Amino acid sequence: MANIKSQIKRVKTNEKARLRNKSVGSSIKTAVRKFGDAVTAGDAALISVELRTASAALDVAVQKGVLHKNSAANKKSSMAKAAAKAGAR
């Protein structure tokens, strides 16, 4: 453990940020997985709902600084392409 007061504070804040990033990242993975399951099932209504949910989760991750905006855009684009191929929209 650090002896310097400012470093002790940085350790605490870094841990809080790590836990927040882990939570947001987990919610992204869950949303994308649910979208993938909907595409596999082939239900057009469910696909569009899950696409919106996953896109919103990615946008939140970008706002929180967990994910780069281009990374989120690439994921959203590939999901939209998969949804179009599956017949949704």
Side-chain angles (χ1 to χ4, degrees):
M1 187 67 183
N3 292 326
I4 300 166
K5 192 174 185 180
S6 61
Q7 191 59 35
I8 291 169
K9 184 176 180 181
R10 289 302 307 161
V11 167
K12 281 197 242 180
T13 58
N14 286 343
E15 181 63 14
K16 282 199 292 191
R18 184 186 73 81
L19 292 174
R20 186 189 64 234
N21 291 346
K22 185 177 169 185
S23 172
V24 173
S26 177
S27 67
I28 292 169
K29 288 178 187 174
T30 302
V32 171
R33 191 179 312 115
K34 283 184 179 181
F35 171 77
D37 292 343
V39 169
T40 305
D43 183 10
L46 185 61
I47 290 172
S48 61
V49 168
E50 293 299 338
L51 177 62
R52 269 185 268 128
T53 305
S55 294
L58 288 166
D59 290 337
V60 167
V62 170
Q63 289 172 344
K64 299 273 186 190
V66 176
L67 203 60
H68 193 273
K69 64 179 183 175
N70 290 348
S71 176
N74 287 338
K75 286 183 194 295
K76 286 165 64 172
S77 174
S78 64
M79 286 192 307
K81 189 186 272 187
K85 189 174 181 182
R89 293 180 135 201

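As the structure is a computational prediction, the values presented were derived from the model and not from experiment.
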(message) I'd like to check K81 versus S77 (side-chain heavy atoms, cut-off strictly below 4.5 Å). Are they in contact?
(response) no
(request) Go through S23 and L19 one step at a time and tell me if the side-chain contact (heavy atoms from CB on, under 4.5 Å) criterion holds. (result) CA-CA 6 Å; S23 172; L19 292 174; over 6 Å; no
(request) List the atom of A72, the atom of L58, and the distance in Å for their closest heavy-atom pair. (result) O-CD1, 4.0 Å
(message) Nearest 0.5 Å, please: how far is CZ in R10 from OG1 in T13?
(response) 3.5 Å
(request) Please report the closest heavy-atom contact between I47 and A86, naming both atoms and the distance. (result) CD1-CB, 3.7 Å
(request) Identify the two heavy atoms, one from A57 and one from A31, that lie closest to each other, and give their separation to 0.1 Å. (result) CB-CB, 4.2 Å
(message) The criterion is side chain to side chain donor-acceptor pair (under 3.5 Å); which residues satisfy it with K76, sequence neighbours excluded?
(response) D59
(request) Taking all non-hydrogen atoms of both residues into account, name the closest pair between I28 and A61 and its distance. (result) CD1-CB, 3.2 Å
(request) Count the heavy atoms belonging to other residues, nucleotides or ligands that lie under 6.0 Å from CD1 of I4, then report whether that count exceeds 12. (result) no
(request) Mind listing the closest non-hydrogen atom pair of M79 and L51 along with its distance? (result) CB-CD1, 3.6 Å
(message) Assess whether a salt bridge exists between K12 and E15, defined as any Lys/Arg side-chain N lying under 4.0 Å from an Asp/Glu carboxylate O.
(response) no
(message) Which heavy atom of F35 sits nearest to which heavy atom of E50, and what is that distance?
(response) CA-CB, 3.8 Å
(message) Can you list everything that forms a side chain to side chain donor-acceptor pair (under 3.5 Å) with N70? Sequence neighbours excluded, please.
(response) none
(request) Using modelled atom types only, decide if a donor and an acceptor are shared between the side chain of T40 and the backbone of G36 within a distance under 3.5 Å. (result) yes
